[in-house]
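Remarks on the structure that follows.
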Amino acid sequence: MHPRNVFRTPPDFQELGELYPDLQNHLIQVRKDYYTINFKDPEALKILTCSLASQYFDLTLEIPSNRLIPTLPLRLNYLLWIEDLLSYKTPSDQVIGIDIGTGASAVYALLGCKKFGWKFLATETDTMCYESALNNVIINTFQDEIAVKLVKTDEGKLQGNLGSEHYTFCMCNPPFFEDTDNMTGLSRSPNRAAPKSVCTATPVEVITTGGEEQFVGEIVRESIKLGTQVLWFTSMLGRKTSLDHILGMLSELGVKRVAVTEFKQGNTSRWGVAWSHKPSIPPLLSPNSKKVSTTYNFTTKTATSQTLITQLQSTLAQLHVQTSPCPDKTGSDVFCVWVTAAENTWAHSRRKRRRKGSQKKESGGNSCQKRNRNEDQILPAKKHQKCIEQISKNDNQISHHQNNIGPSNSKSGAEIGNISKSVHEIEGSSVNGPSKVCLFHCLLSIEETEAEVSVDFTWIFGSDKDSLNQFCCFVAKSICNPSTDSCG
């Protein structure tokens, strides 16, 4: 789940039920002080979604009983990823998005408007979904921010609906299935576990000729004609094979500015793909790449966030990586900054450290750490203790998480400028980003809790994800053991 997703901390159903009596009637007590609902009960699922929308976002949702009930955590993941992509946008620009197939709830547009202050064109081909979406926009008084448009299926996904207006992004949760057998699960592998929640969608919402591959493929072809009229074209995909198909299509068309991610929520996985034709955006992932969003993380129990910020300021300056302030992701608990590396400047520092360690060992000194054959890899959680013994005498921990890090509301935003003054700024911190292919562009976040301070490096895009792994490992060792891990 995205680091800034509020649902990383699961809601307390018992407390929620006390606030929303309709939900209270559907609560099931599993054990003392722990309640849930029957996720295969459509009515319970709808009430839960409406309760969460109200409690967390002050939104009122009205969802027809015969239309898709959206899951809010997954929708929020998608929007937060788009927010990350928009780091290459002029900050003063108004963000205007297109929601292709907004659905009966218009949930993407409502969340995007409420949480991020974006404006939307929300299109829909189904009359019932259109009328319901329009009603949800009106009852939440977003008529000036969200335009809901009923479109014809033969007008194209985008081309016939945009006019001359320019947009910041488009997003799409396409119909996943190509026929009824796919929808009802008759073609589902017997080795896969049965879904834990009910599917309330009707065929008009989830079935399309050629399935999601053909649907998103049409958006790709239209994007070639639209060019830079839309800064970022994005879509969610329900199958990994569909992601591979779309990436191959983008490669064949010569699209170089491509990003992918994986949205994980419990046992559910979805994939996101984004591409841009804007020349000033640096080439991102190779279109042939199958890598998805990753986060590398280390934690310490012996330093404060302010201490770590100071240490990072020194380390990043010596490594000559680029940084850019990230005030929109900065809050009361987490400090954030964008980090971009154009080249590997830490490998020679690591070799220098090793030579210094060897010299100290030959002179009879006590080495502060043992070198592990896999020291360039952040170790999985089950190897934490061995990692602690190898890299530090204190209570520091290093771990590697796949798309799963702490929340990012952000620590004192004043320090952002301090770090930025010490290193090279990203050129323009907007669509005028780095002019050459970068090794990686990531979000660095520092979160302090009562027990520890966590430092997260979340991959956004770049040409070499392994370099971010190595960079995080180097920074972790430099900070955990400064006497032997100084950067040169």
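Under the 4.5 Å side-chain criterion, counting only non-hydrogen atoms from C-beta, Ser445 is not in contact with Phe457. Between Trp338 and Thr323, every side-chain heavy-atom pair lies at or beyond the 4.5 Å cut-off. Within the 4.5 Å cutoff, the side chain of Thr71 has no heavy atoms near those of the Thr49 side chain. Between Val220 and Leu250, some side-chain heavy-atom pair lies under the 4.5 Å cut-off. Considering only heavy atoms from C-beta on, Cys472 comes within 4.5 Å of Phe298 through its side chain. Looking at heavy atoms from C-beta onward, Pro42 lies out of side-chain contact with Ser65 at the 4.5 angstrom threshold. Side chains of Val148 and Tyr130 form a contact here, defined as non-hydrogen atoms less than 4.5 Å apart. Taking the side chain as every heavy atom from C-beta outward, Glu131 and Asn135 never approach each other to under 4.5 Å.
Here the CG atom belonging to Leu48 is positioned 12.0 Å from the CD atom belonging to Gln55, to the nearest 0.5 angstrom. Rounding to the nearest 0.5 Å places OG1 of Thr125 at 13.0 Å from NZ of Lys149. Once rounded to the nearest 0.5 Å, the distance linking CG of Asp99 with CZ of Phe169 reads 8.0 Å. Separating the NZ atom in Lys119 from the OG1 atom in Thr168 is a distance of 11.0 Å, to the nearest 0.5 Å. Note: Ile146 CD1 to Leu121 CG = 10.5 Å, rounded to the nearest 0.5 Å. Here the straight-line distance linking atom CD1 of Ile100 with atom CZ of Phe215 works out to 6.5 Å at 0.5 Å rounding.
The two atoms that bring Ser105 and Pro70 nearest to each other are OG-CG, 3.6 Å, heavy atoms only. Nearest approach of Ser235 to Val216, heavy atoms of both residues: OG-CG2, 3.4 Å. When every heavy atom of Asn136 is checked against every heavy atom of Ala104, the shortest pair comes out as ND2-O, 3.0 Å. Here the shortest heavy-atom pairing between Ile246 and Glu213 reads CD1-O, 3.8 Å. Residue Leu110 comes nearest to Val137 through the heavy atom pair CD2-CA, 4.3 Å, listed as atom of the first residue, atom of the second, then distance. Contact between His277 and Thr228 at its shortest, heavy atoms only, is O-CG2, 3.6 Å.
Geometrically, Arg31 engages Tyr34 in a cation-pi contact, judged by NZ or CZ lying under 6.0 Å from the ring centre and within 45° of the ring axis.
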Exercise. Yes or no on side-chain hydrogen bond (donor to acceptor under 3.5 Å, both in side chains) for His441 and Thr340, after CA distance, side-chain angles and deciding distance?
Worked result: CA-CA 4 Å; His441 176 61; Thr340 304; 2.7 Å; yes

For this session: Let me see the working for Val337 and Ile446 under side-chain contact (heavy atoms from CB on, under 4.5 Å), right down to the final yes or no.
Result: CA-CA 9 Å; Val337 65; Ile446 301 175; over 6 Å; no

Problem set entry | Derivation and outcome, side-chain hydrogen bond (donor to acceptor under 3.5 Å, both in side chains), residues Lys264 and Ser269 | CA-CA 5 Å; Lys264 294 184 71 69; Ser269 290; 3.2 Å; yes

Problem set entry | From CA spacing to verdict: side-chain contact (heavy atoms from CB on, under 4.5 Å), Arg221, Met249 | CA-CA 9 Å; Arg221 285 187 286 272; Met249 187 176 182; 2.9 Å; yes

For this session: Applying side-chain contact (heavy atoms from CB on, under 4.5 Å), run through Ser132 and Ile63 and close with a yes or a no.
Result: CA-CA 7 Å; Ser132 177; Ile63 307 171; 6.0 Å; no

Exercise. Run the side-chain hydrogen bond (donor to acceptor under 3.5 Å, both in side chains) check on Ser454 and Asp456 step by step: do they pass?
Worked result: CA-CA 6 Å; Ser454 175; Asp456 300 319; 3.2 Å; yes

Exercise. Where do Ile47 and Tyr20 land on the side-chain contact (heavy atoms from CB on, under 4.5 Å) test, with the steps shown first?
Worked result: CA-CA 9 Å; Ile47 292 174; Tyr20 300 92; 5.9 Å; no

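The backbone N or O of Glu165 lies less than 3.5 Å from a partner atom in the side chain of Gln229, making a donor-acceptor pair. In this structure, Glu222 contributes its side chain and Leu158 its backbone to a donor-acceptor pair below 3.5 Å. Asn140 contributes no side-chain N or O that, together with a main-chain N or O of Phe142, makes up a donor-acceptor pair within less than 3.5 Å. Side-chain N or O atoms of Asn38 include none that pairs as donor or acceptor with a backbone N or O of His26 at under 3.5 Å. Panel note: side chain Glu212, backbone Gly238; a donor-acceptor pair is recorded below 3.5 Å.
Lys114 NZ: more than 12 foreign heavy atoms inside a 6.0 Å radius.
Using cut-offs of 30° and 60° on the angle between ring planes, the pair Trp81 and Phe263 is perpendicular. Between Phe120 and Trp118, the angle of the ring planes lies from 30° to 60°, which puts this pair in the tilted group. Using cut-offs of 30° and 60° for the angle between ring planes, the Tyr108 and Tyr78 rings count as perpendicular.
The residue from Leu79, Leu76, Leu59 that alone fulfils the side chain to side chain contact (heavy atoms under 4.5 Å, CB included) condition with Lys115 is Leu76. Partner Arg239 forms a side chain to side chain contact (heavy atoms under 4.5 Å, CB included) with one of Leu243, Leu237, Thr241 and no other, that one being Thr241.
At a threshold of 4.0 Å, the pair Asp126-Arg67 counts as salt-bridged, since one of the basic side-chain nitrogens sits closer than that to a carboxylate oxygen. Of the charged side-chain nitrogens involved, at least one lies within less than 4.0 Å of a carboxylate oxygen, so that Asp84 and Arg4 count as a salt-bridged pair.
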